[in-house]
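Here is the structure we will look at, set down as structure tokens.
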There are 2 protein chains.
Amino acid sequence: MSIIFSRQCEYAIQAVLYLALKPDKNMISIRELTKQLDIPYHFVAKILQDLTRKGLLVSHKGPAGGFGLGMKAKDITLLQIVEAIDGVSFMNNCVFGFPNCTDEDHCAVHDQWGKIRTKIHEMLANKNILEMAAETKKVQYHSGKQ
Amino acid sequence: MSIIFSRQCEYAIQAVLYLALKPDKNMISIRELTKQLDIPYHFVAKILQDLTRKGLLVSHKGPAGGFGLGMKAKDITLLQIVEAIDGVSFMNNCVFGFPNCTDEDHCAVHDQWGKIRTKIHEMLANKNILEMAAETKKVQYHSGKQ
DNA sequence: TTTTTTTAAGACTAAATTATCCGATATAAA
DNA sequence: TTTATATCGGATAATTTAGTCTTAAAAAAA
Ligand code: FES
Ligand code: FES
């Protein structure tokens, strides 16, 4: 089992994207969001609270409360979300866990991997949530259980 | 915390590489290998047994026993090791965990990520253990504890 | 044959990650 | 003011991954 981003991070991105896709309504509740995306309610609640503390989202309690984007969709990049949840240690560590990963002392795929991880970083940094939302086909969101 | 390969997979690659770097001696014991690489003895023992069952390594019990490569170093690719331990599901699943990841229905970074994961696959498939060993600077292996 | 060394195998423990539960707090609406 | 609805925060549970321990089996050497 190989993964790139933690499940927390995956949920975070999916959730922020969902919020960006609904600019009309003021606030979206965790209930609606997790039902539509078919992801776990309580777990995602914590993630959204985390993103709120870090300024990426805003929240409001009480009836008609919920979550919304903390800034304009075009000002939120995938990289900001990844940094907030997972961090970007993959940019500095060896892809195979070798103890050193510097230009002086490194494994045999260091240069090749260096180019790839730069591409990944670019992908995250250059993609904002507004673009993501525009390009995401709605069909992604199937009605889920819970 | 983002990762690409499991720790098991990292250890597997490091271990196979260590074996490839010692073509002189016939068999290398888990004791020597884990001491030199500074990785956990019993955990790695299981991984080596796994790789042996899958034919990538050979093993021999008793004094002067240990592990060795199951085929020529130039015939073992990184991809084979990754396939044996982690599998290559990352080649088929969305990098952000969106439920669909096909050319018909996909997220907004699907094409971009597709190119990147192809590069990763190429990196794994084109790199054999002989090359890896030749290019790996010995300084990687510091004397460890245990 | 006995001893020593080393892998094989399975049960067990520990740690990290993922997920749930519950009581408190804020707040809008009745 | 009361009630219903949401987030907030901390504790707890479940699952997965990582790592350890113990006993058996094989094989070389004494
Ligand atoms: S040392 Fe392996 S990627 Fe840098
Ligand atoms: S759907 Fe996201 S990478 Fe394919």
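So that the names make sense, note that chain A is the first sequence line, chain B the second, and so on, each numbered from 1.
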Review item, nucleotides 14-22 of chain D N/O atoms under 3.5 Å of protein N/O:
from: D:dA18; atom 1: OP1; to: B:R7; atom 2: N; distance (Å): 3.1
from: D:dG19; atom 1: OP1; to: B:R7; atom 2: NH1; distance (Å): 3.0
from: D:dG19; atom 1: OP2; to: B:Y11; atom 2: OH; distance (Å): 3.3

If the condition is salt bridge (charged side-chain N to carboxylate O under 4.0 Å, His left out), which residues does A:R53 pass it with, not counting sequence neighbours? A:D50
Angle between terminal axes - the helix from C:dT1-D:dA30 to C:dA30-D:dT1, 5 pairs each end, rounded to 10°: 10°
Rounded to whole Å, please give me the gap between CD1 in A:I28 and P in D:dA6. 12 Å
Check this for me, if you would: do B:E122 and B:K127 make a salt bridge, where the nitrogen-to-carboxylate-oxygen distance has to be below 4.0 angstrom? no
Assess whether atom NZ of A:K54 is packed by more than 12 heavy atoms of other residues, nucleotides or ligands within 6.0 Å. yes
Mind calculating the distance between CG (A:D50) and C1' (D:dG10) to the nearest angstrom? 15 Å
Between A:T52 and A:S59 the two heavy atoms that sit nearest each other are CG2-OG, 3.7 Å
Let me know the distance between CZ of A:F67 and C1' of D:dA6, rounded to the nearest Å. 9 Å
Test your reading of the model: is there a side-chain donor-acceptor pair from A:K74 to the backbone of A:L130, 3.5 Å cut-off? no
Among all residues two or more places apart in sequence or in another chain, which pass the ring pair (Phe, Tyr, Trp, His ring centres under 6.0 Å) test with B:F96? A:F5
N or O in side chain of A:S59 less than 4.0 angstrom from D:dC8 OP1/OP2: yes
Please report the distance, rounded to the nearest Å, between CG in A:L51 and P in D:dG9. 14 Å
NA contact type, A:L48, heavy-atom cut-off 4.0 Å: base, sugar-phosphate, or nothing? nothing
Separation of A:I81 CD1 from A:I47 CD1 (nearest 0.5 Å): 11.5 Å
Test item: B:Q80 side-chain N/O and B:T77 main-chain N/O as donor-acceptor pair under 3.5 Å: yes
Looking at B:N128 and B:I76, would you say the former's side chain and the latter's main chain have a donor-acceptor pair under 3.5 Å? no
Look only at the side chain of B:R117 and the backbone of B:N93, and say whether a donor-acceptor pair between them is shorter than 3.5 Å. yes
Main-chain N/O of A:S6 paired with A:D86 side-chain donor or acceptor, under 3.5 Å: yes
Taking B:Q8 for its side chain and B:F43 for its backbone only, find out whether a donor-acceptor pair lies under 3.5 Å. no
For the pair made of CG in A:N26 and P in D:dT5, what is the distance, rounded to whole Å? 19 Å
Given D:dG9, is OP1 or OP2 found less than 4.0 Å from the side-chain N or O atoms of A:R53? yes
Between the protein and nucleotides 24-30 of chain D, list the N/O to N/O atom pairs that are separated by less than 3.5 angstrom.
from: D:dA28; atom 1: OP1; to: B:H60; atom 2: NE2; distance (Å): 3.4

5' to 3' contact window, DNA chain C with chain B (heavy-atom distance under 4.0 Å): C:dT4 to C:dT17
Side chains of B:H106 and B:D111, donor plus acceptor under 3.5 Å: no
